[in-house]
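Data block below; observations after.
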Amino acid sequence: MNSELQVVPNWSLEPNQVTEPEIVTEPEIVTEPTIKNWGGNKNPFMEIEKVNNYFPDGTLNPMTYSILGEDGTQFKDVTSNYLPVSNKDLVDVASQIMVDSMIDWSHEKRFFSNKGSFRDIYYANDSGLEKPVSEVGDLIGMVLEVINSYNGTSRAGIKIYFQRLACLNGMTSRAYGFGHTFTHTAQNVNWEEQIMQATSLLRNQSEHRLGKFVDACGKLQKPIDNTEIKLIREKHIPQLPGTQFGQLMDKYYEDNDFTAWGFLNAGTNVLWHADKLTNANFENNSIVVDGLLQYGKDTYEQPFVDPNQTELPLS
C-alpha cells in the first residue's frame with residue numbers, strides 16, 4: 001500500500017486532520033458591465049469646472065467662461081450665468097428616481113460626444129408598461145433618458161419616451177413624451193429638487209401616456225403609396241435631412257411593410273441603430289416619430305358605426 005500523502009492544490013491541511021479537508025477558493029470578483037460610449041472616446045464622468053477665459057494679452061475676459069474637463073478638454077464657451085451640472089450628479093439623481101419609481105430598468109445605451117453632449121438611456125423591464133399596437137400587435141414599452149450638455153446646446157434632466165420591443169427601436173417624441181428638464185442657468189441651482197418631480201410623473205402618468213402613444217400608433221395601420229409618401233415628406237417630415245430620408249426609404253423597401261407604420265419603423269430603425277450615433281440621430285428620430293403620428297392623426301378615418309344599429313353584427 002502506498003502511504004505517500006497526495007498533495008491537493010488549494011486544500012488547507014492540519015497535521016492531525018481526520019475529516020475531509022476544507023476547499024479554499026479565491027473570492028469571486030464581480031465587475032460592472034462596460035457600457036459602450038456611442039458618442040466618442042471621452043470619459044463621460046470626468047470632473048468638470050467652470051473657469052475664467054482670458055484675452056491673448058492675458059487680461060480677463062469678463063464675458064465668457066469655459067467648462068474644463070479634468071482631462072484638459074475645453075468645451076464650448078459659456079456665459080457667466082451658465083450653471084454647470086455634471087453628468088455623474090444627474091445620473092445619481094436619476095438612479096434614485098428609477099429606484100423610487102418601483103419600475104425595473106436596464107441600462108441600454110450611453111452617449112457622450114467629444115463636444116460635451118450626454119445621454120444615458122434605460123429601458124423599462126415591466127410587462128405592466130408594455131402595450132400592443134392595434135391590428136399588428138407590436139408591443140411598445142418605456143424608455144428613460146438622462147440628458148445633459150457641457151456646451152450649452154441642450155437642457156438637462158430626464159426625458160421619458162417609448163420603444164418598439166420587436167427591434168428595440170427608440171421612439172423619441174416631444175408630442176407624447178414627458179419628464180422634467182431645466183436650463184443651465186443660475187436660477188435653477190435647486191435643479192435636484194425640481195427633477196425629483198419625475199418620480200411622481202413616472203408613477204402617476206406612465207401608463208396613461210403610453211396608452212395615448214400606442215393609440216396614436218394605431219392610426220398608422222394602413223397602406224401608403226408614393227403619393228402619400230410625397231405628402232409625408234413635404235408636409236410632415238420636411239426637416240429630415242436628405243441623407244437620412246434616403247436611408248429611411250432603403251430600409252422601408254427592404255422590410256416590405258408598405259404601411260405608414262412600416263414607414264415609421266424604418267425611420268426609427270436607421271436612426272436608432274446607426275453605427276455611430278450623433279445628436280442629430282436623436283433629434284431626427286423625434287422628427288420622424290412626431291411627423292408620422294401627426295400624419296396618422298390628420299388622415300385617420302374613424303370606422304363607421306351605424307347609429308341606428310341596435311344589434312351586434314353576426315361574426
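Everything numeric here is computed off the predicted structure, so don't read it as measured data.
- No more than 12 heavy-atom neighbours from other residues, nucleotides or ligands sit within 6.0 angstrom of CD on Glu207.
- Side-chain contact between Asn151 and Ile67 is absent, with no heavy-atom pair separated by less than 4.5 Å.
- In this pair, Tyr150 and Phe112 present their aromatic rings perpendicular. The plane angle is above 60°, beyond the 30 to 60° band.
- Taking every heavy atom of both residues into account, Ser173 and Asp290 meet most closely at OG-OD1, 2.6 Å.
- Contact check for Trp105 versus Asn125: no side-chain heavy atoms found under the 4.5 Å cut-off.
- Counting heavy-atom neighbours within 6.0 Å of Lys222 NZ, excluding the residue itself, gives a total above 12.
- For the pair Val214/Tyr176, no side-chain contact is recorded, criterion being any heavy-atom separation below 4.5 Å from C-beta on.
- With Asn188 contributing its side chain and Trp191 its backbone, the two residues share no donor-acceptor pair below 3.5 Å.
- Within the 4.5 Å cutoff, no side-chain heavy atoms of Cys167 are placed close to those of Asn265.
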Handout entry: Evaluation steps, side chain to side chain contact (heavy atoms under 4.5 Å, CB included), between Phe178 and Ser206
Key = CA-CA 9 Å; Phe178 60 105; Ser206 293; 3.9 Å; yes
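- Paired with Ser95 under the rule side chain to side chain contact (heavy atoms under 4.5 Å, CB included), one option of Ile97, Val93, Val91 passes, and it is Val91.
- Taking the six-membered ring where tryptophan is involved, the planes of His184 and Tyr82 are essentially parallel, since the angle between them stays under 30° and well short of 60°.
- Considering all non-hydrogen atoms of both residues, Pro44 and Arg110 come closest at CG-CD, 3.9 Å.
- Tyr300 is not connected to Phe263 by any chain of hydrophobic side-chain contacts under 4.5 Å among Ile, Leu, Val, Met, Phe, Trp and Tyr, and they are in different clusters.
- A pairwise comparison of heavy atoms in Lys276 and Asn281 identifies O-OD1, 4.1 Å as the closest pair.
- How far CD of Gln247 is from CD of Glu254: 12.0 Å, rounded to the nearest 0.5 Å.
- Residue pairs meeting the ring-ring contact (aromatic ring centres under 6.0 Å, His included) criterion with at least one partner in residues 279-298, sequence neighbours excluded, are Phe111-Phe282, His236-Tyr295, Trp272-Phe282.
- Scanning both residues, Ile158 and Thr181, for their nearest heavy atoms gives O-CG2, 3.9 Å.
- Grouping the Ile, Leu, Val, Met, Phe, Trp and Tyr side chains by contacts below 4.5 angstrom, directly or via other members, places Leu201 with Tyr161.
- A distance of 10.0 Å separates CE in Met142 from CD in Gln163, rounded to the nearest 0.5 Å.
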Exercise for the section: Show your reasoning for whether side chain to side chain contact (heavy atoms under 4.5 Å, CB included) applies to Leu165 and Tyr123. Expected result: CA-CA 10 Å; Leu165 300 185; Tyr123 292 167; over 6 Å; no
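- Residue Ile147 is not grouped with residue Leu144 when hydrophobic side chains (ILVMFWY) are merged at heavy-atom distances under 4.5 angstrom, including chains of intermediate members.
- Considering only heavy atoms from C-beta on, His107 stays 4.5 Å or farther from Met98 through its side chain.
- By the 4.5 Å heavy-atom criterion applied to side chains, Asn53 and Met63 are not counted as neighbours.
- Residues Ser80 and Tyr65 form a side-chain contact, since some pair of their non-hydrogen atoms from C-beta on lies under 4.5 Å apart.
- Although no hydrogens or angles enter the test, the distance criterion places no donor-acceptor pair under 3.5 Å between the side chain of Asn269 and the main chain of Lys251.
- Put simply, the side chain of Asn37 never gets that close to the backbone of Asn43: no donor and acceptor are under 3.5 Å apart.
- Dense packing is recorded around NZ of Lys50, with more than 12 heavy atoms of other residues, nucleotides or ligands lying under 6.0 Å away.
- Rounded to the nearest 0.5 angstrom, Arg174 CZ and Ile287 CD1 are separated by 7.0 Å.
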Exercise for the section: Kindly determine whether Lys212 and Gln205 satisfy side chain to side chain contact (heavy atoms under 4.5 Å, CB included), including the steps that lead there. Expected result: CA-CA 11 Å; Lys212 290 187 66 175; Gln205 296 191 26; over 6 Å; no
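- When the side chains of ILVMFWY residues are joined at heavy-atom separations under 4.5 Å, either directly or via intervening members, Phe45 and Leu90 end up in a single hydrophobic cluster.
- Separation of atoms OH (Tyr252) and CG (Asp255) is listed at 10.0 Å; rounding is to 0.5 Å.
- A salt bridge links Arg164 with Asp138: at least one charged nitrogen is closer than 4.0 Å to a carboxylate oxygen.
- Between the side chains of Thr73 and Asp71, at least one donor N or O sits under 3.5 Å from an acceptor N or O.
- Within a 6.0 Å sphere centred on CD of Glu70, heavy atoms belonging to other residues, nucleotides or ligands number more than 12.
- For the pair Val85/Leu83, a side-chain contact is recorded, criterion being any heavy-atom separation below 4.5 Å from C-beta on.
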Practice task
Could you walk me through whether Ser117 and Thr153 pass side chain to side chain contact (heavy atoms under 4.5 Å, CB included), step by step?
Solution key: CA-CA 8 Å; Ser117 295; Thr153 57; 3.7 Å; yes
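- Residues Tyr122 and Ile140 share a hydrophobic cluster, clusters being chains of Ile/Leu/Val/Met/Phe/Trp/Tyr side chains in contact below 4.5 Å.
- Summarising the local packing, CG of Asp57 is surrounded by more than 12 heavy atoms from other residues, nucleotides or ligands at distances under 6.0 Å.
- Asn279 and Glu283 share no side-chain donor-acceptor pair at under 3.5 Å.
- Atom NZ of Lys115 sits in a sparse spot, with 12 or fewer heavy atoms from other residues, nucleotides or ligands closer than 6.0 Å.
- In this structure, Gln244 CD and Asn284 CG are separated by 5.0 Å, a value rounded to the nearest 0.5 Å.
- A salt bridge is absent between Glu145 and Lys109: the closest approach of a Lys/Arg side-chain nitrogen to an acidic carboxylate oxygen does not fall below 4.0 angstrom.
- The shortest heavy-atom contact between Leu240 and Leu248 is CD2-CD1, 4.2 Å.
- Nearest heavy-atom pair, Thr172 versus Ser286, reported as atom, atom and distance to 0.1 Å: OG1-OG, 2.7 Å.
- To the nearest 0.5 Å, atoms CD1 (Ile224) and OG1 (Thr259) are separated by 6.5 Å.
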